[in-house]
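Everything on this sheet refers to the single structure shown next.
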Amino acid sequence: MTLDYAFLLMQAYRRMLAVFGELDWWPGDSPWEIMVGAVLTQNTAWSNVQLAIANLKAYNMLAASAMSAAPDEQLAELIRPSGYYRQKTKKLKALTAFFQQEYDSSIENMCAEELPVLRDKLLGVYGIGPETADSILLYALGKPVFVIDAYTKRIFCRHGFFPETYTYYDIQDFFERRLPVDVRLYNEFHAQIVYTGKQYCRSRKPRCTGCPLEGFDCA
DNA sequence: ATCCTGCGGA
DNA sequence: TCCGCCGGAT
């Protein structure tokens with residue numbers, strides 16, 4: 001018989017959750033802060049993003065109105081701890097302009113947009129690719145979108161769920177068509193994946209011993 | 001030296 | 001498909 005991937009995915013989820021407990025994602029005080037964090041965390045450790053966000057708050061520069069008015073050099077200096085600060089300054093400016101012009105800086109307006117339309121619009125913003133768009137949709141706006149990242153691919157490739165050749169959208173489809181449409185599940189599942197990837201399923205020296213997914217393989 | 005809740009451009 | 005971007009932790 002064919003493998004029941006839906007069951008196996010949920011079992012993997014429950015194993016991680018049982019060991020780590022709920023992880024309280026995404027850390028942030030507001031949807032806008034989460035959107036900003038989603039850009040700042042691109043290829044960057046979260047601890048460094050926290051420093052950048054703390055700077056923005058300390059200088060009252062987090063709000064879209066303040067951020068759009070700030071000179072590039074000043075914004076760059078504040079977000080410097082998160083790395084790629086010149087690139088990310090451009091990206092934050094683009095996100096801010098989009099939020100202001102398209103939605104009048106209103107999360108409610110943004111949420112009211114049809115999901116596929118909103119996703120396409122996000123992907124059209126400079127600096128927002130598939131993972132960042134989906135992180136914003138799920139964690140800032142509470143939309144039922146399963147976020148894929150390098151950890152997701154690495155962990156589930158290693159456990160035999162799909163081949164290395166799967167693209168972002170292949171993997172996203174794999175999860176979304178097998179899991180119930182549940183924002184809280186998508187939220188917590190991704191958080192568990194990131195934690196497992198960081199602590200155990202590392203790229204170089206995987207620590208399989210003690211991993212919640214140890215011995216969990218699709219034959 | 002390697003990695004981190006990637007993306008744009010060539 | 002590869003390269004530049006970039007700082008801080010391990």
Side-chain angles (χ1 to χ4, degrees), chain A residues 13 16-17 20 22-56 72-98 119-143 145-158 164-172 175 183-207:
Chain A
Y13 170 66
M16 293 187 286
L17 183 61
F20 303 136
E22 296 197 8
L23 294 173
D24 187 35
W25 267 41
W26 183 299
D29 296 336
S30 69
W32 173 249
E33 180 180 328
I34 291 171
M35 288 196 258
V36 170
V39 169
L40 292 179
T41 200
Q42 290 170 7
N43 203 31
T44 301
W46 182 252
S47 57
N48 292 335
V49 177
Q50 288 182 295
L51 297 175
I53 290 178
N55 282 343
L56 292 173
D72 284 5
E73 307 77 49
Q74 183 185 1
L75 185 54
E77 196 54 40
L78 294 176
I79 66 171
R80 190 179 183 118
S82 70
Y84 304 94
Y85 55 91
R86 280 187 283 267
Q87 296 297 319
K88 286 176 179 176
T89 293
K90 288 171 60 182
K91 294 178 179 183
L92 287 183
K93 289 281 191 176
L95 175 65
T96 302
F98 172 73
R119 190 171 192 282
D120 281 344
K121 287 187 176 180
L122 282 170
L123 290 174
V125 177
Y126 179 88
I128 297 184
E131 182 176 345
T132 304
D134 289 341
S135 294
I136 288 172
L137 291 169
L138 177 64
Y139 288 107
L141 304 179
K143 303 292 185 182
V145 176
F146 200 90
V147 179
I148 306 302
D149 65 354
Y151 293 128
T152 313
K153 182 168 186 175
R154 185 193 304 157
I155 291 171
F156 289 90
C157 276
R158 283 177 172 174
E164 187 69 33
T165 53
Y166 263 37
T167 67
Y168 186 97
Y169 294 104
D170 292 333
I171 299 170
Q172 185 172 53
F175 278 84
V183 170
R184 288 208 46 184
L185 172 65
Y186 289 3
N187 179 320
E188 190 63 39
F189 204 150
H190 180 67
Q192 296 291 335
I193 285 170
V194 172
Y195 196 82
T196 300
K198 185 197 289 281
Q199 300 297 328
Y200 296 94
C201 209
R202 306 179 298 181
S203 61
R204 288 293 168 130
K205 296 187 301 176
R207 300 157 78 183

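Every chain is numbered from 1 and lettered A, B, ... according to where its sequence line falls, protein lines coming before strand lines.
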Using ring-ring contact (aromatic ring centres under 6.0 Å, His included), reason through A:Phe175 and A:Phe156 one step at a time and then give a plain yes or no. CA-CA 11 Å; A:Phe175 278 84; A:Phe156 289 90; 5.1 Å; yes
Looking only at B:dT5, C:dG7, B:dG6, the nucleotide nearest the A:Thr132 side chain is B:dG6
For A:Arg154 and B:dG6, what is the distance between atoms CZ and P respectively, to the nearest whole Å? 11 Å
Nearest-angstrom distance, P atom, C:dC6 to B:dA10: 16 Å
Are the charged groups of A:Arg119 and A:Asp134 less than 4.0 angstrom apart, N to O? yes
Under 4.0 Å between any heavy atoms, over every strand shown, what does A:Ser203 touch: base, sugar-phosphate, or nothing? Just pick one. sugar-phosphate
Rounded to whole Å, CZ of A:Arg202 lies from P of B:dA1 at a distance of 19 Å
Once you round it to whole Å, what is the distance between C1' of C:dG7 and CH2 of A:Trp46? 16 Å
Please determine, for the side chain of A:Gln42, which listed nucleotide (B:dC7, C:dG8, B:dC4) has the closest atom? B:dC7
Any base atoms under 4.0 Å from A:Arg86, or only sugar-phosphate, or nothing? Heavy atoms, all strands. sugar-phosphate
May I ask which nucleotide in the shown strands pairs with C:dA9, Watson-Crick or G-U wobble, both distances under 3.5 Å? B:dT2
Would a distance-only check, ignoring hydrogens and angles, find a side-chain to backbone donor-acceptor pair under 3.5 Å from A:Gln172 to A:Phe146? yes
Separation of A:Leu40 atom CG from C:dC5 atom P, in whole Å? 19 Å
With the side chain defined as heavy atoms from C-beta on, A:Gln87 is closest, among C:dA9, B:dC7, C:dC6, to C:dC6
Using atom CG of A:Asn43 as one end and atom C1' of C:dA9 as the other, report the distance to the nearest whole Å. 14 Å
Go through B:dT2, B:dC7, B:dT5 for me and flag the one nearest to the A:Arg204 side chain. B:dT2
Using atom P of each nucleotide, how far apart are B:dT5 and C:dG4 to the nearest Å? 23 Å
Nearest-Å distance, OH (A:Tyr200) to P (B:dC4)? 16 Å
Length of the line joining A:Leu137:CG and B:dT5:C1', which is rounded to integer Å: 15 Å
Test side-chain hydrogen bond (donor to acceptor under 3.5 Å, both in side chains) applied to A:Gln42 and A:Lys91, A:Glu131, A:Lys88, the passing residue: A:Lys91
Counting only heavy atoms from other residues, nucleotides and ligands, does the tally under 6.0 Å from CZ of A:Phe98 exceed 12? yes
Nearest to the side chain of A:Trp25 - B:dC7, B:dT5, C:dC6? B:dT5
Counting any heavy atom closer than 4.0 Å, what does A:Ile128 reach on the DNA or RNA strands: base, sugar-phosphate only, or nothing? sugar-phosphate
A:Gln50 atom CD is separated from C:dA9 atom P, nearest whole Å, by 12 Å
